[in-house]
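Report on the structure given below.
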Amino acid sequence: MADGEISALRDAGQLAALITRAADDTNNKTGLPPVDRWNPPFCGDIDMEIRADGTWFYMGTPIGRQPLVRLFSTVLRQDDDGKTYLVTPVEKVGIRVQDAPFLAVEMAASGEGADQVLTFRTNVGDVAEAGPDHALRFEIYGENHELKPYLHIRGNLEALVSRPVMYDLVELGEQVELDGVMMFCIRSGDKLFPIMAADELEALSI
């Protein structure tokens with residue numbers, strides 16, 4: 001088998017070993033691997049999927065070992081084609097993502113007013129403060145007009161804010177006039193993140 005070629009028989013353990021070796025080769029023991037600087041050949045798709053609830057599956061079976069999931073998460077990259085890949089210095093393989101690759105499962109609020117900072121933890125251990133470097137965005141989804149918040153984590157990768165955390169997040173919202181329109185917003189890290197127009201929020205509450 002040529003270097004970088006994906007074998008149909010490769011299992012999750014073999015892939016994890018390859019990623020570990022790649023991390024060792026970078027001498028990057030404390031931070032994340034520099035996946036944005038790697039430009040390996042595309043070696044095909046593998047049967048790995050991240051479900052909307054944050055569960056990782058390999059060949060239709062949940063990956064139950066959290067350290068293994070964490071390892072895979074460190075080499076995720078979403079390219080300009082909108083697809084998500086596992087990337088090492090020698091190969092790039094495509095995986096499927098139902099919604100966002102990460103799930104924000106915990107939030108802590110500190111400070112008040114303009115000094116408020118919201119810090120989130122993801123299901124794979126990333127910690128990010130919403131603000132200039134980690135933007136929040138909001139979508140209204142489906143016939144039931146479900147609110148779905150997303151937090152930028154790194155590169156083009158986002159975390160979907162879990163429903164329990166979303167309720168806590170919305171409790172911290174405030175109405176602010178932006179460009180002549182009264183908006184319902186979230187404040188964090190000296191940034192305002194609009195959710196929706198205040199009158200739209202009232203319509204949803206009826």
Side-chain angles (χ1 to χ4, degrees), residues 6-23 31-33 35-36 38 40 42-88 91-108 118-130 134-170:
I6 290 296
S7 166
L9 299 178
R10 171 172 291 166
D11 62 20
Q14 290 174 308
L15 188 58
L18 186 149
I19 291 170
T20 300
R21 289 194 298 273
L32 293 167
V35 295
D36 290 338
W38 292 340
F42 175 61
C43 301
D45 296 326
I46 60 173
D47 188 7
M48 184 176 287
E49 181 177 48
I50 305 174
R51 301 280 175 88
D53 65 357
T55 304
W56 289 57
F57 281 74
Y58 182 73
M59 298 183 70
T61 301
I63 302 176
R65 293 177 53 203
Q66 188 61 23
L68 189 58
V69 170
R70 170 61 183 168
L71 177 63
F72 288 149
S73 76
T74 64
V75 293
L76 279 180
R77 190 176 80 192
Q78 186 182 88
D79 287 355
D80 292 338
D81 59 8
K83 297 180 180 179
T84 304
Y85 302 91
L86 297 176
V87 182
T88 78
E91 63 185 348
K92 179 174 79 170
V93 296
I95 69 169
R96 302 186 303 276
V97 179
Q98 279 191 351
D99 196 328
F102 307 128
L103 190 68
V105 295
E106 187 177 359
M107 180 187 74
L118 305 179
T119 304
F120 295 83
R121 179 180 64 84
T122 73
N123 61 316
V124 291
D126 292 299
V127 175
E129 292 184 355
H134 300 283
L136 283 164
R137 69 177 182 89
F138 300 85
E139 290 188 1
I140 305 298
Y141 177 79
E143 296 181 356
N144 295 326
H145 302 285
E146 176 186 357
L147 178 64
K148 298 179 71 172
Y150 295 86
L151 174 70
H152 170 255
I153 300 298
R154 60 179 180 269
N156 294 328
L157 302 174
E158 294 182 315
L160 172 66
V161 177
S162 66
R163 185 172 293 274
V165 176
M166 181 198 71
Y167 292 138
D168 293 338
L169 180 64
V170 171

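What you see is a predicted model, and the numbers here were worked out from it, not measured in a lab.
- Partners of F42 according to the ring pair (Phe, Tyr, Trp, His ring centres under 6.0 Å) rule, which considers only residues two or more places apart in sequence or in another chain, are Y85.
- Taking CG of D47 as the start and CZ of R96 as the end, the distance is 5.0 Å to the nearest 0.5 Å.
- For Q98, there are no side chain to side chain donor-acceptor pair (under 3.5 Å) partners two or more places apart in sequence or in a different chain.
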Q: Could you go through the side-chain contact (heavy atoms from CB on, under 4.5 Å) check for L86 and L76 one step at a time?
A: CA-CA 5 Å; L86 297 176; L76 279 180; 3.5 Å; yes
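- The side chain to side chain donor-acceptor pair (under 3.5 Å) contacts involving residues 159-169 comprise E146-R163, R163-Y167, where partners must be two or more places apart or lie in separate chains.
- Expressed to the nearest 0.5 Å, how far NZ of K92 lies from CH2 of W38 amounts to 13.5 Å.
- Residue pairs that meet the salt bridge (Lys or Arg N to Asp or Glu O under 4.0 Å) test with at least one member in residues 147-156, sequence neighbours left out, are D99-K148, D126-R154.
- Residues meeting the side chain to side chain donor-acceptor pair (under 3.5 Å) test with D53, sequence neighbours left out: T55.
- Taking R65 as the reference, nothing meets the side chain to side chain donor-acceptor pair (under 3.5 Å) condition, with sequence neighbours excluded.
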Q) Could you go step by step and tell me if K83 and V97 meet the side-chain contact (heavy atoms from CB on, under 4.5 Å) rule? A) CA-CA 8 Å; K83 297 180 180 179; V97 179; over 6 Å; no
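- Listed by chain and residue number, F120, A159, V161 satisfy the side-chain contact (heavy atoms from CB on, under 4.5 Å) test with A104 (two or more places apart in sequence, or in another chain).
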Q. Taking it one step at a time, do F72 and I50 satisfy side-chain contact (heavy atoms from CB on, under 4.5 Å)?
A. CA-CA 11 Å; F72 288 149; I50 305 174; over 6 Å; no
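- Taking the salt bridge (Lys or Arg N to Asp or Glu O under 4.0 Å) definition, one finds that R137 meets it with E139, E158, sequence neighbours left out.
- Residues passing the side chain to side chain donor-acceptor pair (under 3.5 Å) test with E49 are R51, sequence neighbours excluded.
- The backbone N or O of V87 lies less than 3.5 Å from no partner atom in the side chain of R77, so there is not a single donor-acceptor pair.
- N123 approaches G54 most closely through the heavy-atom pair ND2-O, 3.3 Å.
- When every heavy atom of P40 is checked against every heavy atom of T88, the shortest pair comes out as CG-O, 3.1 Å.
- In this structure the side chain of I140 reaches within 4.5 angstrom of the side chain of L147, judged on heavy atoms.
- Remark: S73 engages W56, R70, F102, V124 in a side-chain contact (heavy atoms from CB on, under 4.5 Å) (not counting sequence neighbours).
- E91 contributes no side-chain N or O that, together with a main-chain N or O of G44, makes up a donor-acceptor pair within less than 3.5 Å.
- By the side-chain contact (heavy atoms from CB on, under 4.5 Å) test, N156 pairs with Q78, D80, sequence neighbours left out.
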